[in-house]
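To keep things clear, I will list the structure first and then write my remarks on it.
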Amino acid sequence: MAYAEVVVKDRDREDWWYPEGDLEVGLRPVGEGRSRLVASGRLRLDPQRLAGDRPLGRGVYDVWAFVNLLGIDRMVRVTGHDVSNEPAAGPAVTGGRLALPYWTTGVGQLALDVDQRLRRLGPDTAGAAAANAERGERSLPLPYVVAEPGVPAPLKVTVSALKVTAELVPAADGSTVRLCLPARLKLPAGRHPVTLPKADAPVAHAVVRDGALLRLEGPAYEAGTGRRLLDAVAGSRQVRRVRRRLGRSS
């Protein structure tokens, strides 16, 4: 008789937690009359409920499998094939925090980083960020980050050389998030790179005029001449002054 289940270990506090669902155990023939014991199933890690129906604390959580075969117990690492120090799935925003699943360095064990304890959003999403061709007024869709409806997650970013606190705001339908920057930035007029900690390439570009954020653009977004002209007009102090005067005269 065989039995198996997934367990999650809190690396910092030495606590063990048990996700919902069990593994199905069976024998898989490997030839020459031999068989291999195989456990399979779908893994769901909910950072908001995993700690005894409470949110997980900030930290790193390693995923193991507990296996019992004919009364003999064994703990087995849940590992990937030929993977090391790379994301295991896309990042998620839940409960106002980032959850980053990844494969550890060396053995490639599945782990979950909650609230950027060791991992960072920038390096883990560099490829997807570089391909983002979205744009938005004062916020930018990040289609490669999933979320559940709820509290925004604070995020440290650097706009040119200015360090500010941005937010990852979940969409109303609980699908993706939007990167939101402060409406005012103490920067000269222009198009400024927005970078995340430990990331080499920008996650976005901020278009600023007179200290006001006009728009956020993904790194792959290409604006035409007309769009750039509209930005210049919209951010012009003289144009805004004329509009106010026309409004008062009418």
Side-chain angles (χ1 to χ4, degrees), residues 3-25 39-68 73-80 83 85-125 128 139 142-157 165-180 196-198:
Y3 169 79
E5 65 179 340
V6 174
V7 293
V8 178
K9 180 185 178 183
D10 185 332
R11 192 183 297 179
D12 294 331
R13 290 167 282 270
E14 297 293 327
D15 292 329
W16 295 84
W17 304 107
Y18 297 83
E20 296 179 0
D22 294 329
L23 298 176
E24 295 184 1
V25 182
S40 61
R42 184 178 295 273
L43 176 62
R44 174 182 172 85
L45 299 179
D46 185 351
Q48 288 299 101
R49 300 186 57 190
L50 186 56
D53 209 29
R54 301 188 308 275
L56 293 174
R58 182 174 186 259
V60 177
Y61 299 84
D62 298 309
V63 182
W64 296 74
F66 171 80
V67 180
N68 181 287
D73 297 337
R74 185 180 177 187
M75 293 294 294
V76 182
R77 300 176 190 270
V78 176
T79 60
V83 290
N85 192 30
E86 59 186 79
V93 173
T94 174
R97 299 178 301 171
L98 270 167
L100 303 172
Y102 71 101
W103 305 106
T104 62
T105 302
V107 297
Q109 183 175 4
L110 181 61
L112 179 68
D113 187 308
V114 177
D115 209 14
Q116 300 190 97
R117 172 67 173 79
L118 295 180
R119 306 289 292 188
R120 292 294 181 270
L121 177 65
D124 276 8
T125 58
S139 69
L142 302 183
Y144 49 88
V145 181
V146 299
E148 63 177 10
V151 183
L155 184 68
K156 299 293 185 182
V157 302
T165 299
E167 286 187 331
L168 295 176
V169 180
D173 60 359
S175 55
T176 60
V177 303
R178 300 184 72 90
L179 174 66
C180 297
L196 302 177
K198 296 188 177 182

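Computation of the quantities below employed the complete heavy-atom set of this structure, encompassing side-chain atoms and omitting hydrogens, waters and symmetry-equivalent molecules.
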Practice task
Dump the intermediate steps for side chain to side chain contact (heavy atoms under 4.5 Å, CB included) on Val25 and Val67, then the final yes or no.
Solution key: CA-CA 9 Å; Val25 182; Val67 180; 5.9 Å; no

Practice task
Give, for atom CG of Asp124 and atom OH of Tyr144, the distance between the pair rounded to the nearest 0.5 Å.
Solution key: 11.5 Å

Practice task
Kindly compute the distance separating CD (Glu167) from CZ (Arg178), expressed to the nearest 0.5 Å.
Solution key: 13.5 Å

Exercise for the section: May I ask you to decide whether Arg11 forms a salt bridge with Asp62, counting only side-chain N to carboxylate O separations under 4.0 Å? Expected result: yes

Practice task
Using a 4.5 Å cut-off on heavy atoms from C-beta on, say whether the side chain of Ser139 contacts that of Val169.
Solution key: no

Problem - Side chain proximity check, Thr125 to Leu142, heavy atoms < 4.5 angstrom - result: no

Exercise for the section: Looking only at non-hydrogen atoms, find the nearest pair between Pro47 and Val114 and report the distance. Expected result: CB-CG2, 4.5 Å

Exercise for the section: Determine yes or no for a side-chain-to-main-chain donor-acceptor pair under 3.5 angstrom, with Arg97 supplying the side chain and Ala153 the backbone. Expected result: no

Handout entry: Trace of the side chain to side chain contact (heavy atoms under 4.5 Å, CB included) decision for Leu45 with Val63
Key = CA-CA 10 Å; Leu45 299 179; Val63 182; 4.0 Å; yes

Problem - Any Val146 side-chain heavy atom under 4.5 Å of Thr176 side chain - result: no

Handout entry: Taking every non-hydrogen atom, the tightest pair across Trp103 and Gly80
Key = CZ3-N, 3.3 Å

Exercise for the section: Write down the atom of Lys198, the atom of Pro123, and the distance for their closest heavy-atom approach. Expected result: O-CG, 3.3 Å

Problem - Side chains of Leu56 and Trp17 in contact at under 4.5 Å (non-hydrogen atoms) - result: yes

Exercise for the section: Check whether any side-chain N or O of Glu24 sits under 3.5 Å from a backbone N or O of Gly41 as a donor-acceptor pair, and report yes or no. Expected result: no

Practice task
Measure the shortest side-chain to side-chain distance between Tyr18 and Val8 over non-hydrogen atoms and say whether it is less than 4.5 angstrom.
Solution key: no

Fill in the blank from the handout: Scanning both residues in full, the closest heavy-atom pair of Gly59 with Asp12 reads CA-OD2, 3.8 Å

Practice task
Sequence neighbours left out, what passes salt bridge (charged side-chain N to carboxylate O under 4.0 Å, His left out) with Arg77? Give chain and number order.
Solution key: none

Problem - Heavy-atom neighbours of Arg42 CZ exceed 12 at 6.0 Å - result: no

Exercise for the section: Using distance alone, with no hydrogens and no angle criterion, decide if Glu148 and Thr94 have a side-chain donor and acceptor under 3.5 Å apart. Expected result: yes

Problem - Gap between atom OG1 of Thr165 and atom NZ of Lys156 - 0.5 Å precision - result: 3.0 Å

Exercise for the section: Determine yes or no for a side-chain-to-main-chain donor-acceptor pair under 3.5 angstrom, with Thr79 supplying the side chain and Gly108 the backbone. Expected result: no

Exercise for the section: Kindly write out the residues that satisfy side-chain contact (heavy atoms from CB on, under 4.5 Å) with Asp113, not counting sequence neighbours, or none if the list is empty. Expected result: Val60, Leu100, Tyr102, Arg117, Leu118, Arg119

Practice task
Scan for side-chain hydrogen bond (donor to acceptor under 3.5 Å, both in side chains) pairs involving residues 43-53, sequence neighbours excluded, and state none if there are none.
Solution key: Arg49-Asp53

Handout entry: Atom pair CG (Asp73) and OH (Tyr3), whose distance is rounded to the nearest 0.5 Å
Key = 11.0 Å

Completion exercise
Here the pair of heavy atoms bringing Ala172 nearest to Pro149 is O-CG, 4.1 Å

Fill in the blank from the handout: Heavy-atom nearest pair, Ala166 first then Leu179, reads CB-CD1, 3.9 Å

Exercise for the section: Drop me the distance from Leu121's CG to Leu168's CG, to the nearest 0.5 angstrom. Expected result: 6.5 Å

Problem - Nearest-0.5 Å distance, CD of residue Glu86 to OG1 of residue Thr104 - result: 10.5 Å

